[in-house]
Number of protein chains: 2
Amino acid sequence: MKEVAIGIDIGGTNSEFGFVNHEGDVIAHGKINTIGYPDAKDFVSALCTKIEEVRKTIKEEIILKGIGIGAPNGNYYTGTIEHAPNLEWKGIVHLAEMFRKHYPGALVSLTNDANAAAIGEMIYGGAKNMKEFIVITLGTGLGSGIVINGELVYGHTGFAGELGHTIVITDGRICGCGRQGCLENYASATGIKRTVFELLAKFRDDSPLRAITYNDLTAKMVTEAAEKGDKIALEAFDYTAKMLALGIVNSVAFSSPEAIFLFGGLAQAGDFIFKPTQKYVDQNMLFVFKDSIKILPSQIKESNAAVLGASALVWKELAKA
Amino acid sequence: MKEVAIGIDIGGTNSEFGFVNHEGDVIAHGKINTIGYPDAKDFVSALCTKIEEVRKTIKEEIILKGIGIGAPNGNYYTGTIEHAPNLEWKGIVHLAEMFRKHYPGALVSLTNDANAAAIGEMIYGGAKNMKEFIVITLGTGLGSGIVINGELVYGHTGFAGELGHTIVITDGRICGCGRQGCLENYASATGIKRTVFELLAKFRDDSPLRAITYNDLTAKMVTEAAEKGDKIALEAFDYTAKMLALGIVNSVAFSSPEAIFLFGGLAQAGDFIFKPTQKYVDQNMLFVFKDSIKILPSQIKESNAAVLGASALVWKELAKA
């Protein structure tokens with residue numbers, strides 16, 4: 001009999017799930033659309049039906065230890081999704097409770113995606129023996145999961161860890177949150193794209209990026225241009241890294257972690273982002289923290305990271321009990 | 001028999017101590033010079049001699065439960081003072097160990113001043129029932145003690161909680177730490193003084209502050225000018241509050257506390273600092289945290305706060321055991 005946790009990643013378009021063992025192996029998985037269910041209850045029913053279908057395909061005998069859910073604007077304390085701009089469901093959705101109706105008595109734990117990524121790193125990844133670390137997810141925006149004293153920081157509200165919404169440039173770039181100068185407008189896939197356009201305006205150098213519209217440009221294209229030595233692309237990485245380093249340096253002043261893990265699309269640019277980030281962190285770290293932190297790539301496989309992170313919530317909860 | 005803790009506050013000029021009971025009453029106290037002891041061991045010997053002198057004056061029977069020390073650049077994990085710029089002792093000083101030689105077997109706990117203030121707030125002050133809060137000390141610089149999940153955040157190094165050294169203005173004011181734009185250069189007694197001089201240069205309004213040299217100007221004088229309606233002084237408070245609010249808003253994005261306590265000289269300016277700080281916090285808070293935090297004056301009496309905070313370390317350690 002193998003103990004497994006179900007990890008569920010609620011995305012804006014699709015929701016994926018997997019049956020995951022203690023070692024982080026996904027022994028079965030599936031997905032359904034997130035869109036098309038105006039009532040969240042119908043979505044949960046459809047998802048649970050699919051989960052049971054997939055469960056039947058598992059040959060070995062399993063014991064289900066619980067369900068972990070990573071969801072945008074997920075609140076760990078209440079098991080709710082609150083005012084998620086990228087989901088159809090408005091207001092406060094009692095998602096964990098809906099799952100408990102389908103799995104009476106089961107452990108159901110919910111948090112946001114970046115927090116789930118941090119717990120995934122702690123349970124299956126590079127932070128197994130760490131009590132103080134931060135996972136920064138560099139996707140469309142910048143998410144973060146902060147671990148202090150071996151515990152995820154949820155704060156008084158359940159929404160702590162919004163490093164992407166720390167203001168780093170007064171009167172800076174307009175942010176989706178309605179304010180200006182938040183870190184995620186500089187250090188993220190969208191951030192580097194905005195930086196490229198600023199640099200195309202500022203400099204006169206030839207660049208293949210001049211042939212691409214704002215709508216078409218992706219962080220991957222910037223990486224490809226950088227690989228060919230394009231000056232604008234390299235400069236964009238340098239500036240992105242400088243801003244990311246500022247966020248890291250300020251986070252270290254706050255909670256002095258042992259390591260920062262970078263995760264997500266932009267982290268895949270490898271040396272283009274890691275090298276200048278390390279350079280600026282070294283240059284700008286407060287002296288008492290010099291050489292005290294490691295900046296590392298996430299050790300969780302990108303392809304199923306969200307499902308793994310969500311499943312890790314279950315093992316983390318069981319370890320607490 | 002009354003249980004007491006000795007609280008010791010190591011300052012640049014003087015070091016004060018007090019015998020403190022569980023309720024936060026200082027039942028006896030004393031002080032010696034900090035300067036004049038090139039060897040820290042001689043300082044500790046002199047201080048312990050003085051402590052024993054004062055102990056003899058206590059009429060009631062006491063049981064000493066431990067010694068708490070608040071010291072600049074104090075490291076909780078190692079009980080050391082490390083590279084404190086304002087003390088005579090260079091390098092790493094094993095202060096807690098030196099005290100243990102004088103009080104064999106005693107509990108001796110050491111941390112920096114701002115962390116001690118936070119523990120004081122938790123044990124004796126306004127944070128008695130809180131698990132998530134931050135104490136910000138607005139003195140010459142800006143110190144902070146961060147409490148998450150009921151525990152002081154020391155981080156991997158023991159030096160966490162350096163909110164005063166988060167960079168808020170890229171290429172901003174030169175900081176004593178060798179970098180630029182750290183929060184404490186704006187939100188502190190020194191910060192408001194620098195702001196006054198910037199405003200005196202920028203505006204043409206008459207102001208009594210134009211008759212005071214930079215060397216002579218104190219935060220208290222700025223408060224007095226503000227009380228008389230001086231435009232420059234009021235503007236200086238507004239800008240100081242704006243920067244403090246930025247630090248608060250970013251801290252909330254990070255750890256989402258229930259309350260922020262303001263402490264120290266500048267916090268004594270009352271409404272001049274609290275009102276605009278609250279205004280800017282309300283204006284600039286990320287929507288998920290709107291109205292989630294209280295900005296409060298410290299509930300610890302300023303006159304013996306450092307000694308109280310240091311003594312509180314002992315009760316906190318005993319509660320852990």
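Here is the naming used below: chain letters follow the sequence lines, and residue numbers restart at 1 for every chain.
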* Asked: Aromatic rings Phe289(A) and Phe159(B): how do their planes relate, parallel, tilted or perpendicular, breaks at 30° and 60°?
  -> perpendicular

* In terms of heavy-atom proximity below 4.5 Å to chain B, should Glu151(A) be classed as side chain, backbone, both, or neither? -> side chain

* If you count heavy-atom pairs under 4.5 Å with chain B, which of Ser255(A), Cys177(A), Ala259(A) comes out on top? -> Ser255(A)

* Which atoms of Ile134(B) come close to chain A, meaning under 4.5 Å heavy atom to heavy atom: side chain ones, backbone ones, both, or neither? -> side chain

* Please flag which part of Glu132(B) lies under 4.5 Å from any non-hydrogen atom of chain A: side chain, backbone, both or neither. => side chain

* Asked: Is it the backbone or the side chain of Ile169(B) that comes under 4.5 Å from a heavy atom of chain A, or both, or neither?
  -> side chain

* Asked: Knowing that exactly one of Val168(B), Leu286(B), Asn250(B) qualifies, which makes a side-chain contact (heavy atoms from CB on, under 4.5 Å) with Ile167(A)?
  -> Asn250(B)

* Asked: Looking at Gly164(B), Ala160(B), Ser256(B), which has the largest count of heavy-atom pairs under 4.5 Å with chain A?
  -> Ser256(B)

* To do: With a 4.5 angstrom heavy-atom cut-off, could you sort out which part of Ile148(A) is near chain B: side chain, backbone, both or neither?
  => side chain

* Asked: For Met243(A), is it the side chain, the backbone, both, or neither that has a heavy atom closer than 4.5 Å to a heavy atom of chain B?
  -> neither

* Asked: Would you call Val252(B) and Glu162(A) a side-chain contact if the rule is heavy atoms closer than 4.5 Å?
  -> no

* Top contributor to chain B contacts, counting heavy-atom pairs under 4.5 Å, from Glu258(A), Met130(A), His156(A) -> His156(A)

* **Residue pair Ser251(A) / Phe254(B), side-chain heavy-atom distance below 4.5 Å** => yes

* Structure fact -> Separation between OG1 (Thr170(B)) and CG (Asn284(A)), nearest 0.5 Å, reads 9.5 Å

